Amino acid sequence: MERKITHLILCHINEVESRRLYADLGFDSMYKYLTQQLGYGEDSAYRRLQAARLLKQVPAVAEKLEEGTLNLTQLTQVQKCLKQEIKLGHKIDLQQTTQILDEIQNKYGSETQKFLAQEFNQPVQTHEIIKQQQDNSVRLEMTFTEEQMKTLRQAKDLLSHVLPDGNWAELFTLLAKKHVQKELGKVDKPKKKKLTHNFLPQRNRRNIKITLKRELLKKAHHCCEYIDSHSGKKCESTYQLQIDHCIPLACGGSDTPENLRVLCRTHNIHAAYQWGILSQEKIRFHLARS
């Protein structure tokens, strides 16, 4: 239903723009009509306007949009590339555009960006940009190689317990602080009471050796091992991985490797609920704190 409504909105935008009805309503552009009359945010208005213009060129987009194989962001990215090609004097016909849209169906954002960059031979940006902003914050733009980005994502996953929001700026700052402390020494701070983040019962619980944890993670390919019993789909999340007891200690399980597995935080909590160890109320409490 939501995708159908999105399609109708894009049709409305095309109708208003083609007949210049926004001018009758007192606006000098479609963009102002969308932001000031319909109340869209700037980014939302831009995406819908660009997507609507592409829909006008390629009506077949409507079916893919309603099916969910293409989304507004993808249409915006394609339209932006097409406009750039026109500025460069390159003409992209309907058949080429349709083929490009077919290629990016069901692709994630990063996959779409990579495909379009290759398809339109976009130059690789290598220079760094540092912009000072009005609140004294600094915006930093830089380019990483594929290998560098792979390493950074791995570090981000491994530190997801410390940085649950997954903020890149916080990740870089944390890594920098660790290096500074390594080189210059730690600054003495008042000791704070350590809060435990374990949500399972603590009786009979022993620390699992780090060597065993590493073996389990390696065996699981550093991914969550949860498998849906109905669809057979494996989670494979790399976020906030934890060592879980297949049969909980509270239910008679052991710390043997055969009874251990790797789960993400979400499925660890889910498993505890299935065993009756956690109630829905406690689950909401722990998720709110994460």
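Here the structure is a predicted model, which means the values were calculated and not measured. For the numbers below, each heavy atom of this structure counts, side chains included, while hydrogens, waters and symmetry mates do not.
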CA sep, side-chain torsions, deciding dist, call: Lys177, Val180, side chain to side chain contact (heavy atoms under 4.5 Å, CB included): CA-CA 5 Å; Lys177 282 183 176 179; Val180 169; 5.5 Å; no
Tightest non-hydrogen contact, residues Ala52 and Leu10, listed as CB-O, 3.7 Å
Roughly how far, to the nearest 0.5 Å, is CG of Leu163 from CG of Leu174? 5.5 Å
Quick one: does His222's side chain get under 4.5 Å of Asp157's, heavy atoms only? no
Apply side-chain contact (heavy atoms from CB on, under 4.5 Å) to Arg153 and list each qualifying residue two or more places apart in sequence or on a separate chain. Met149, Trp168
Once the angle between the rings of His270 and Tyr226 is folded into 0 to 90°, is it parallel (under 30°), tilted (30 to 60°) or perpendicular (over 60°)? perpendicular
Determine whether Lys83 and Gln50 satisfy the following criterion, side chain to side chain contact (heavy atoms under 4.5 Å, CB included), listing intermediate values before the conclusion. CA-CA 10 Å; Lys83 287 175 64 178; Gln50 297 304 316; 3.6 Å; yes
Determine whether Lys56 and Ser18 make a side-chain contact, defined as any pair of heavy atoms from C-beta on separated by less than 4.5 Å. yes
Partners of His7 by ring-ring contact (aromatic ring centres under 6.0 Å, His included), sequence neighbours excluded? none
Starting from Val61, can I reach Leu72 by hopping between I/L/V/M/F/W/Y residues whose side chains sit under 4.5 Å apart? yes
If we ignore hydrogens and angles and just use 3.5 Å, is the side chain of Thr35 paired with the main-chain N or O of Glu42 as donor and acceptor? no
Do Gln57 and Leu94 come close enough that some side-chain heavy atom pair is under 4.5 Å? no
Whether Gln74 side chain and Asn71 backbone form a donor-acceptor pair below 3.5 Å: yes
Side chain to side chain contact (heavy atoms under 4.5 Å, CB included) between Phe27 and Gln37, intermediate numbers included: CA-CA 9 Å; Phe27 301 97; Gln37 178 70 18; 3.5 Å; yes
The reported gap from CD in Glu225 to CG in Leu263 (rounded to nearest 0.5 angstrom) is 7.0 Å
With distance as the sole test, does Asn259 use its side chain to make a donor-acceptor pair with the main-chain N or O of Ser254 at under 3.5 Å? yes
With a 4.5 Å cut-off on side-chain heavy-atom distances among I, L, V, M, F, W and Y, is there a chain of contacts connecting Leu25 to Tyr40? yes
Please check: side-chain N/O of Gln242 versus main-chain N/O of Arg265, any donor-acceptor pairing under 3.5 Å? no
So Ile100 and Leu116, do their side chains get closer than 4.5 Å, heavy atoms only? yes
Flag side-chain contact, heavy atom, 4.5 Å: Glu103 against Phe115: yes
With a sphere of 6.0 Å drawn around CD of Gln105, does it hold more than 12 non-hydrogen atoms of other residues, nucleotides or ligands? yes
Student check: side-chain heavy atoms of Leu65 and Leu55 closer than 4.5 Å: no
Shared hydrophobic cluster, Val262 / Tyr239 (ILVMFWY, side-chain heavy atoms < 4.5 Å): no
Atom of Pro257, atom of Leu212 and distance for their closest heavy-atom approach: CG-CD1, 4.1 Å
Mind listing the closest non-hydrogen atom pair of Ala271 and Asp244 along with its distance? CB-OD2, 4.5 Å
From OG1 (Thr126) to CE (Met142), nearest 0.5 Å: 12.5 Å
Interatomic spacing from CD1 in Ile227 to CD in Glu236 - rounded to 0.5 Å: 9.0 Å
Before accepting this row, confirm whether a basic side-chain N of the pair Arg3/Glu66 lies closer than 4.0 Å to the acidic partner's carboxylate O. no
Should the heavy atoms of other residues, nucleotides or ligands under 6.0 Å from NZ of Lys234 be counted, would the total exceed 12? yes
Are more than 12 heavy atoms from other residues, nucleotides or ligands located less than 6.0 Å from atom CD of Glu2? no
Quick check: closest heavy atoms across Cys224 and Cys264, and the distance to 0.1 Å? SG-N, 3.3 Å
Atom NZ of Lys64 and atom CG of Asn106: how far apart are they, to the nearest 0.5 Å? 11.0 Å
Got a second to check how far Asn167's CG is from Thr173's OG1, nearest 0.5 Å? 8.0 Å
Counting C-beta onward and ignoring hydrogens, is there a side-chain heavy-atom pair between Leu260 and His245 closer than 4.5 Å? yes
Shortest non-hydrogen separation from Leu34 to Ala45 and the atoms involved: CD1-O, 3.7 Å
Can you find a side-chain donor-acceptor pair between Arg48 and Tyr46 that sits under 3.5 Å? no
So, are Arg53 and Glu17 salt-bridged, with charged N and O less than 4.0 Å apart? yes
State whether the number of non-hydrogen atoms from other residues, nucleotides or ligands found under 6.0 Å of Gln36 atom CD is greater than 12. yes
Contact check, side chains of Lys114 and Lys107, non-hydrogen atoms, under 4.5 Å: no
Show every side chain to side chain donor-acceptor pair (under 3.5 Å) that has at least one partner inside residues 88-99, sequence neighbours left out. Glu85-His90
Go through it in stages, so that I can follow the logic: the residues are Gln77 and Gln113, the test is side chain to side chain contact (heavy atoms under 4.5 Å, CB included), and I'd like the CA-CA distance, side-chain angles, deciding distance and then a yes or no. CA-CA 8 Å; Gln77 291 171 341; Gln113 290 174 351; 3.5 Å; yes
Does any N or O in the side chain of Ser137 come within less than 3.5 Å of the main-chain N or O of Gln133, such that one atom is a donor and the other an acceptor? no
Would a single hydrophobic cluster contain both Met30 and Leu21, if residues Ile, Leu, Val, Met, Phe, Trp and Tyr are joined by side-chain heavy-atom contacts under 4.5 Å? yes
If two hydrophobic side chains count as joined below 4.5 Å and joins carry through other members, does Leu140 share a cluster with Leu152? yes
